[in-house]
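Below is one structure, written out as structure tokens; the observations come after it.
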Amino acid sequence: MSVKVIVGTQWGDEGKGKITDILAEKMDYVVRYQGGNNAGHTVVVGDKTFKLHLVPSGILYDTVVSMIGNGVVIDPGVLIEEMETLKAQGVFIDHNRLRISSIAHVILPVHKAIDSQQEALRREQKIGTTGRGIGPCYTDKVARLGVRMMDLLSKDRLAKRLQKHPNMRPDDVESVIETYAGYGDVLRPFVTDTSLEINRAIARGKRIIMEGAQGTMLDVDHGTYPFVTSSNPISGAACIGAGVGPHKIDQVIGVTKAYCTRVGEGPFPTEEFGEINDYLRTKGCEFGTTTARPRRCGWLDLVVLRYAVRINGITEICLTKLDVLDELKTIRVCTAYQTPEGTVDEFPLDLETFSEAKPIYDELPGWCEDISQVTHFEKLPLNAKNYIKYISNILGVRISLVSVGSKRLQTIHLLTH
Ligand code: GDP
Ligand code: IMO
Ligand code: MG
């Protein structure tokens, strides 16, 4: 049995897509368990670049079945477009390769409208959402007003759900029924009981990755609330979002960027504003895959990572984008915060304390060498090896893979999966 959960340990965009793609080579199933098309994963294979938002990052292998679990919120128009784009790029997609949970909730036009209205009302308190209707869709799910994928398969049932929906403008109902029933017709062959299939696959000893979107610090419970997304990216949510029991999971892989980024609003203690921010943004191409917004950049934060290891029960770390640090003479790493309550090395749950936290840094020497073609740990410069060991030692978690570029070959395996 092999069921691994892949989870972002920072504020998203850690390179989960690349890591899932690398590990998926030896997998039978990749299951996405939460989020929606707020996610954007860039996966580079040879000279082709794939942008994935809803389709799991296993789709690029013929041998992998990709599943969109019940915990995901689906904008069916966006999903169909993404499938078409992938097909145009030469990816074969049929109902044997892509499966969609019949009980996943559906993003409606009204959710997108509410998302932007709420952002406008929040003014200086705005979250900087992706504007994809994610929050309002999850709100309807919890309020028991949601429309689910199975509802799209019957026009009558869809009409009943939408006519009773308090947020729908009566004038819009007919056109939404038409459009969404049309999406249902296209997606019908893919819609299924994904939990049943996953559990059968586990019973047959198949190898499975459960893929999270976003990151631990954007988790609605454990992140920097209210500057979070409206779902639970953390590993525990994989059970709910895929319909699998906790005892079935045997590994939790945290994906960690060698520095730190954040998109949207909210506190970020190790954020840099001058030269270092410009350097990381340019060298790391730190612009959002979904919204093309420039990402805020700063140093690695071990307080955040210590928390992520604890909250997710991380058993190993994949360290990404180490090559981005290549030209720095000195690399800073935050080990603790100075706060009004004193020095802390555990993440303070009070957002006010976190907002005022001043990072306490260790300084490590850089390696000032191009590592983007290195494929073996022994071949890395000494200071790069030391940086990896330093992180692993402080967190008490082994680092199983180091990524030194966006391509598949730009990967150093420290342990076999
Ligand atoms: P995700 O949302 O966690 O899947 O991450 P994104 O795909 O949004 O952002 C990560 C970006 O970094 C993508 O453009 C990747 O192609 C790129 N990337 C991934 N790993 C590496 C790496 O090791 N080095 C460099 N330079 N780029 C990487
Ligand atoms: P991946 O999967 C980075 C951020 C938004 C905003 C907050 C809430 O690519 O790592 P939402 O639209 O979810 O209500 O926005 O969450 N956000 C992300 N930031 N990567 C993501 O996904 C994100 N998905 C949402 O910028 O601050
Ligand atoms: Mg991303």
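Values in this document were obtained by computation on a predicted structure and should not be read as measured data. Counting from 1, the numbers follow the sequence of the chain as shown.
- Using a distance-only test at 3.5 Å, with no hydrogens or angles considered, a donor-acceptor pair links the side chain of His53 to the main chain of Ala39.
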Next item on the list: Just do the side chain to side chain donor-acceptor pair (under 3.5 Å) check on Glu14 and Thr320 with the steps written out, would you?
Entry: CA-CA 7 Å; Glu14 298 91 347; Thr320 62; over 6 Å; no
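- In this structure the side chain of Leu351 reaches within 4.5 angstrom of the side chain of Phe227, judged on heavy atoms.
- Ion pairing between a basic and an acidic side chain is recognised when a charged N comes within 4.0 Å of a carboxylate O; Asp21 and Arg408 show such pairing.
- When ring centroids are compared, Tyr183 and Tyr180 come within the 6.0 Å threshold.
- Residues Gln214 and Asn38 bring a donor and an acceptor atom of their side chains to less than 3.5 Å of each other.
- Side-chain contact check for Ile412 versus Val404: some heavy-atom pair is nearer than 4.5 Å.
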Checklist line | Check against side chain to side chain donor-acceptor pair (under 3.5 Å), Lys18 and Ser403 | finding: CA-CA 9 Å; Lys18 168 174 170 169; Ser403 173; 3.0 Å; yes
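- Nearest heavy atom pair, residue Thr270 against residue Trp299, reads OG1-O, 2.7 Å.
- A donor-acceptor pair under 3.5 Å is absent between the side-chain atoms of Arg99 and the main chain of Ser66, judged by distance alone.
- The heavy-atom pair separating Lys248 from Val244 by the smallest distance is CB-CG1, 3.6 Å.
- With Glu286 as the partner, the salt bridge (charged side-chain N to carboxylate O under 4.0 Å, His left out) test is satisfied by one option alone out of Lys321, Arg262, Arg296, Arg293: Lys321.
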